[in-house]
Number of protein chains: 2
Amino acid sequence: MKKDGSRAKLDFERPLVTVDLAIFCVLEETLKVLLVQRPRVADEPFPGEWALPGGFIDVAIDASLEACALRKLREKTGVKAPYLEQLASWGDAERDPRGWSATHAYFALIDATRPEARLEESNAAQWMAAGAPITRRMAFDHARILATALARLRGKVEYTSLPAFLLPEPFTLPQLQRTYEIVLGRPLDKSAFRKRMLDAGFLGEAGPIDGALGRAAMGYRVLDRTGPVTFPRMFKTAE
Amino acid sequence: MKKDGSRAKLDFERPLVTVDLAIFCVLEETLKVLLVQRPRVADEPFPGEWALPGGFIDVAIDASLEACALRKLREKTGVKAPYLEQLASWGDAERDPRGWSATHAYFALIDATRPEARLEESNAAQWMAAGAPITRRMAFDHARILATALARLRGKVEYTSLPAFLLPEPFTLPQLQRTYEIVLGRPLDKSAFRKRMLDAGFLGEAGPIDGALGRAAMGYRVLDRTGPVTFPRMFKTAE
DNA sequence: TCAATAGTGTCTATTAGACAATATACT
DNA sequence: AGTATATTGTCTAATAGACACTATTGA
């Protein structure tokens, strides 16, 4: 009796569970996000449309949600140690025509040097400008997920060192400043930027780096790659 | 054939899906969190131990994850319009002995005036000091979830108006400052605090309020209860 | 008048931002 | 030298924090 009674709870209909990824990089002076094309086969929802990379949890091989996200990221880009952060989760009866589903969305920042080669192999995956019109017409509720990821990234860039994870190491302060400016969409003062970055103490010198032109710049590495540092203030807001 | 092939994906073993809540309030000059006692019946894991309120999604009645969280909050406290924010999700094969499970954790801030009465009805639910020893020995991985919720709350209090959601309206600036101090665990300067709050422009005057003693204070209401405002700086950190 | 609390004013140290000046590299 | 970029220095306006002062209420 009791066994049947408690079993009853577990016999509830279980939602579908997926993991989706918003993977960002800076390529060609633009913030880009990795999109994949939905397969054009019968019974697959949204055939041919663009979507965030992701899919069902495989309880047999995924030890955890984060392990699942890392697996999917590795499969798509070959990158093993990105900056990976949980974004949010969405779940309701409507977002997937196959049934009540919940997705755990992550966002990852990677540098653009390695994944480019990986993408040549497959034409079903592509780096898209993160603000492009196509990213507002996507499969499932992925447009909403991407918009949330973008908002989170842009918000955090105002007061954290997140953009450091978009660059290959070692990088220079001018490169880092350029990355900030690309994500924020506005220019920053050089002197104030340097003071802020160096005072935050998250960078370690890694020897000078020769650019193509002009004076060589100091290279830096992120001292602790487990996460960004938080600055005591936001950047000055435009007036 | 194709139907069988695509069905195969949906025949994957589905994880258990739950929603858990860290509900905070300030009671007796202390930050408290609502805990419930696990039922002492056979086949229920962690019998008699303390846990965050929550449970399985019911795909028949819960339109979405957030609706599920609001339902559980209403059932426990009777509060209908709290401040509710998604915290994070955790999923792996170990956290629930009944199988691979994923939980969507939310945290809610409510004022302590209404829920107190509700709690008298049931002795299986209790407001616990959020930093108390008992909150480090909880069912499932709830100690970790609670620790994350606490860290998120304390972190956000440094640069947002979140504590306003812990007070019944209208409230006074001294009351709001006291709430900040309770959550942060350190005193704040009165003048700087007032300037910050009023300059942020999220408060609307609601007539003076008589205290038990001394000069009456202006009452305020939060103008936009959909979310907190972000201050341009953090509070000064202790040195 | 006193006690208690609310609210304001003043001063100062800090600092972000603007921008000028200097340093270093290559041609 | 000249050009291009990196890095540092100087000045200023804004402001958070410290703390003293004033205002208002009730006993």
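First the proteins, then the strands, lettered A, B, ... as listed; each starts at 1.
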### Task
Would you state whether a donor and an acceptor, one from the side chain of B:K195 and one from the base of D:dT15, lie under 3.5 Å apart?
no

### Message
Distance check needed: D:dT15 C1' versus B:K236 NZ, whole Å only.
### Response
13 Å

#### Entry: A:P174, nearest nucleotide to its side chain (from C:dG17, C:dA4, D:dA6)
D:dA6

### Task
Answer yes if the side chains of A:H104 and A:S89 hold a donor-acceptor pair under 3.5 Å, and no otherwise.
no

### Task
Could you please name the option among C:dA16, D:dG17, D:dT7 that lies closest to any side-chain atom of A:A192?
C:dA16

### Message
On the nucleotide C:dT15, are OP1 or OP2 found under 4.0 Å from the side-chain N or O atoms that A:R233 carries?
### Response
no

#### Entry: 5' priority, DNA chain D, between A:D189 and B:G211 [closest heavy atom]
A:D189

### Query
For the side chain of A:R215 and the base of C:dA25, is some donor closer than 3.5 Å to an acceptor across the two?
no

### Query
Between A:R225 and A:E169, is there a side-chain N and carboxylate O pair less than 4.0 Å apart?
yes

### Message
Counting the atoms with a prime plus P, OP1 and OP2 as sugar-phosphate, which does B:R196 contact under 4.0 Å by heavy atoms, base, sugar-phosphate, or nothing?
### Response
nothing

### Message
In this structure, how many angstroms lie between the C1' atom of C:dG7 and the CE atom of B:M218, rounded?
### Response
11 Å

### Query
Salt-bridged, B:E85 to B:R152, with N to O below 4.0 Å?
yes

### Closest listed nucleotide, where the reference is the side chain of A:R194 and the choices are D:dT8, D:dA4, C:dT5
D:dT8

### Task
Mind calculating the distance between CG (A:D199) and C1' (C:dA16) to the nearest angstrom?
11 Å

### Query
When you measure from the side chain of B:D111 to the backbone N and O of B:T113, does any donor-acceptor pair fall under 3.5 Å?
yes

### Task
Let me know the distance between CE of A:M197 and C1' of D:dT8, rounded to the nearest Å.
17 Å

### Task
Would you kindly give the CD-to-P distance between B:E205 and C:dA6, to the nearest whole Å?
16 Å

### Message
Of the options D:dT15, D:dC19, D:dT8, whose atoms approach the side-chain atoms of B:S191 most closely?
### Response
D:dC19

### Query
Between B:M234 (CE) and D:dT15 (P), how many Å, whole number?
19 Å

### Summary
In whole angstroms, the gap separating P of C:dT5 from CZ of B:R178 amounts to 12 Å

### Side chain of B:A217 - closest among C:dG7, D:dA18, D:dG26
C:dG7

### Message
Distance check needed: C:dG17 P versus A:L188 CG, whole Å only.
### Response
8 Å

### Query
When you match B:G219 and B:L213 each to their closest nucleotide on DNA chain C, which lands nearer the 5' end?
B:L213

### Message
Between B:D92 and B:R95, does any NZ, NE, NH1 or NH2 come within less than 4.0 Å of an OD or OE carboxylate oxygen?
### Response
no

